[in-house]
Amino acid sequence: QVQLVESGGGLVQAGGSLRLSCAASGDTFILSFMGWFRQAPGKEREFVAAIRRSGGSTYYADSVKGRSTVSRDNAKNMVFLQMNSLKPEDTAVYYCAAEGSCSGYGCLPRRPSDFRSWGQGTQVTVSS
């Protein structure tokens, strides 16, 4: 079992930056893929970015590509999301996710159902 705790959310003006952090504890040896999702009021939870433990390859949603960077510190069992040039439409609760997996050669987990462990979420609000 894995426990995840996010931090770093807050209120920022459009064009600003935030860095979200997620600390994992528990059975951390199984953390193959870790990722970030977000959920705005009245909307479904959507994929933001994810990173593979081995090799550190990353992938992003088109909506944040070029503005965000996901990284991880395997020694500390942490994953980060640096978000720049924030827009009001980035406003949402951001969730850290772990134990990502999917079937099929070369597949990359990006659906909420692909991840088994979740944090409690951290609010990001971008004002215009």
Side-chain angles (χ1 to χ4, degrees):
Q1 191 172 5
V2 176
Q3 295 79 43
L4 304 172
V5 178
E6 304 98 333
S7 60
L11 174 64
V12 63
Q13 289 188 332
S17 298
L18 278 177
R19 187 185 193 224
L20 305 183
S21 300
C22 174
S25 60
D27 296 332
T28 56
F29 68 94
I30 56 177
L31 297 178
S32 55
F33 285 91
M34 294 186 71
W36 292 93
F37 288 74
R38 66 186 182 187
Q39 188 165 17
K43 295 188 176 181
E44 294 185 351
R45 191 168 298 189
E46 65 174 5
F47 171 77
V48 176
I51 183 167
R52 186 195 301 261
R53 181 184 183 91
S54 176
S57 59
T58 60
Y59 50 105
Y60 301 87
D62 289 343
S63 58
V64 303
K65 194 176 297 182
R67 300 189 294 122
S68 298
T69 302
V70 60
S71 60
R72 65 191 295 171
D73 184 332
N74 289 339
K76 296 181 179 180
N77 292 317
M78 295 191 71
V79 65
F80 308 96
L81 182 66
Q82 176 69 43
M83 299 187 294
N84 302 320
S85 302
L86 283 163
K87 307 174 182 180
E89 51 263 44
D90 293 318
T91 295
V93 177
Y94 283 71
Y95 295 91
C96 176
E99 299 184 80
S101 65
C102 56
S103 59
Y105 178 78
C107 77
L108 297 172
R110 60 175 66 232
R111 301 173 302 176
S113 58
D114 291 335
F115 291 80
R116 292 185 57 185
S117 297
W118 293 87
Q120 82 288 349
T122 185
Q123 177 70 46
V124 171
T125 302
V126 184
S127 62
S128 57

How many angstroms lie between atom OG1 of T122 and atom CG of L81, to the nearest 0.5 angstrom? 11.0 Å
Where do G100 and P109 come nearest, in terms of heavy atoms and distance? C-CG, 3.9 Å
Examine V12 and V48 and state if one hydrophobic cluster contains both, with Ile, Leu, Val, Met, Phe, Trp and Tyr joined whenever side-chain heavy atoms are less than 4.5 Å apart. yes
List the atom of D90, the atom of R67, and the distance in Å for their closest heavy-atom pair. OD2-NH1, 2.8 Å
Is the shortest distance from a Lys or Arg side-chain nitrogen in D62 or K65 to a carboxylate oxygen in the other one below 4.0 Å? yes
With sequence neighbours left out, the residues meeting salt bridge (charged side-chain N to carboxylate O under 4.0 Å, His left out) with R19 are none
Under 3.5 Å: donor-acceptor pair, side chain of T91, backbone of S127: no
Nearest 0.5 angstrom please: F33 CZ to R116 CZ, how far? 15.5 Å
Quick one: CZ on R111 to SG on C102, what's the gap to the nearest 0.5 Å? 7.5 Å
Do L108 and F115 share a hydrophobic cluster, counting only Ile, Leu, Val, Met, Phe, Trp and Tyr and linking them when any side-chain heavy atoms are less than 4.5 Å apart? yes
Under 3.5 Å, side-chain donor or acceptor atoms of residues 40-47 against the rest of the protein: list the pairs with distances, not counting sequence neighbours.
{"unit_1": "R45", "atom_1": "NE", "unit_2": "Q39", "atom_2": "OE1", "d": "3.3"}
{"unit_1": "R45", "atom_1": "NH2", "unit_2": "Q39", "atom_2": "OE1", "d": "3.4"}
{"unit_1": "E46", "atom_1": "OE2", "unit_2": "R38", "atom_2": "NE", "d": "2.6"}
{"unit_1": "E46", "atom_1": "OE2", "unit_2": "R38", "atom_2": "NH2", "d": "3.2"}

Spell out, as yes or no, whether a donor-acceptor pair under 3.5 Å connects the side chain of E6 to the backbone of Q120. yes
Note: V2 and A24 closest approach over all heavy atoms is CG1-CB, 4.3 Å
To the nearest 0.5 Å, how far apart are CE in M34 and CZ in R52? 15.0 Å
Of Y95, F80, W36, which meets side-chain contact (heavy atoms from CB on, under 4.5 Å) against L20? W36
Check step by step if side-chain contact (heavy atoms from CB on, under 4.5 Å) holds for R53 and N74. CA-CA 7 Å; R53 181 184 183 91; N74 289 339; 3.8 Å; yes
Check whether any side-chain N or O of Y60 sits under 3.5 Å from a backbone N or O of V70 as a donor-acceptor pair, and report yes or no. yes
Euclidean distance, C22 SG relative to L4 CG, rounded to 0.5 Å: 4.5 Å
How close do S128 and A14 get, heavy atom to heavy atom, and via which atoms? CA-CB, 4.3 Å
Would you compute the distance between atom CD of Q82 and atom OG of S68 and round it to the nearest 0.5 angstrom? 8.0 Å
